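Below: one structure, written as structure tokens.
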Amino acid sequence: MTDHLYRGRSTRDWQAADAAHFLHPFTDFKALAARGARIVTRGEGIYLWDSEGQRILDAMSGLWCVNVGYGQQPLIDAATRQLQELPFYNSFFQTSTPPAIELAELLAQLAPPQFQHFFFAGSGSESNDTVVRMVRRYWALMGQPQRQVIISRWNGYHGSTMAGASLGGMRGMHEQGGLPIPGIVHIEQPHWWEHGRRLGLSREDFGLQAARWLEDKILEIGAENVAAFIGEPVQGAGGVIVPPDSYWPEIQRICDRYGILLVSDEVICGFGRTGQWFGCERFGTKPDLITFAKGVTSGYVPLGGVMVGQRVAEALIEKGGEFTHGYTYSGHPVACAVGVANLNLIRELKLVERVREETGPYMAELYGQIAEHPLVGEVQTCGLMGALTLVRDKGTNEPFAPELDIAMVCRGHCFGNGLIMRAVGERMIVAPPLVITRAQLDEMAALIRHCLDLTLADAQRNGWL
Ligand SMILES: *Cc1c(COP(=O)(O)O)cnc(C)c1O
């Protein structure tokens, strides 16, 4: 540590105040206080700087959200203008604001054609709470109020509120707080490396098998009791788990067959991440509802929402009556103004096309080379999302002993070498900003290799191999 000062305070001083007063999300407070947080002070493009002046390549886009990169003037201008003109007004009392109207109008152009209506929230978690309320409201309006159950997947992530964490399939989250709430059940995830490989199935056969776990669950519960199925096109927080191409079309067939609503949680996959505007377009489904957040504003300000497809919108609007749900910040004018500026910028820069035709395929090529590293068992990419699985023995794909927490060792090297790459179980994952260039992807891949080499050296030195 140096005597570098940021706003007149040393890193040590910031860390002490942080530990004294700020409880971080998903954090072991005591452990963090002992080591001290990294204080991030500035961002430009795909890079961050910390309070020690170290430059970091942010291969996680903040938290899957800074799709247009840091420091984009059109977003800053849109926020500034709106803050000056009208920083807040609600849309509860038969009132509306121009930015919320404009964002809904723009989303109607960008979303698949069945989506002409949009409900706004403040985050992805809130949006999934809205999904739970809305699908149950839909079935009540349709005269089938017993259709209450929502099916989701183990190791899916749908947020951290009571409903969001219940929809998610993170067992560690369920253990704290008595979750899931009633009426939410889980099936196994379409994770070939974890499940299909062990069953001895090809990827595509496994995709069909994993989809049929949904059918089994529907039959077990009784289709007349099932309201909806929800899933992320590609599981993000679960470890960038890209399903086999056979999976989603089969899920769609099953949902259609039993008349249940299909909800695509596109909080990560939406707005270009997969090389299409929405992940459902990449995987060939026609969902009834889409959850969005993160990339809609590139994370510059909080915003989320639910895209409401024709089938549900028609019932909500035509059958009438008040939907007794909403948030103070539903349609927040500053957030919506930034959303409009962000989506227009994605269009202007042709980022979706660039991910689909140029940077996505190039990252896949680089990951193909990374797959040859002795520590890497498999790689998966989809658009600008990538995962690699660390193995102890490349021949047999035998994993490291869990207590070594090899991915955290690797993450430590990334941290020390100016790269943000995240560890999930044995997988190392990235989702860089959509503005990343080919040359910057080369830089990212070189850093990944370097950190894998350092991790391998640790394993050799400590006799873990
Ligand atoms: C991040 C995330 C959420 C939760 O969003 P928050 O804004 O953190 O509440 C929900 N679903 C998915 C798929 C996510 O990645």
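In each ligand, atom 1 is the first atom listed, and ligand 1 is the first ligand listed. Because the structure is a prediction, the values reported are computed rather than measured.
In this structure, a donor-acceptor pair under 3.5 Å is present between the side chains of N342 and S298.
Within 4.0 Å of ligand 1, contacts by protein heavy atoms are made from S123, G124, S125, N128, Y157, H158, G159, E232, D265, V267, I268, K294.
Around atom CD of Q73, more than 12 heavy atoms belonging to other residues, nucleotides or ligands sit under 6.0 Å away.
The salt bridge (Lys or Arg N to Asp or Glu O under 4.0 Å) test applied to R197 returns no partner, not counting sequence neighbours. Taking R38 as the reference, D50 meet the salt bridge (Lys or Arg N to Asp or Glu O under 4.0 Å) condition, with sequence neighbours excluded. For the salt bridge (Lys or Arg N to Asp or Glu O under 4.0 Å) test, residues two or more places apart in sequence or in another chain that qualify with E220 are K217.
Aromatic ring centres of Y329 and F120 lie farther apart than the 6.0 Å criterion allows.
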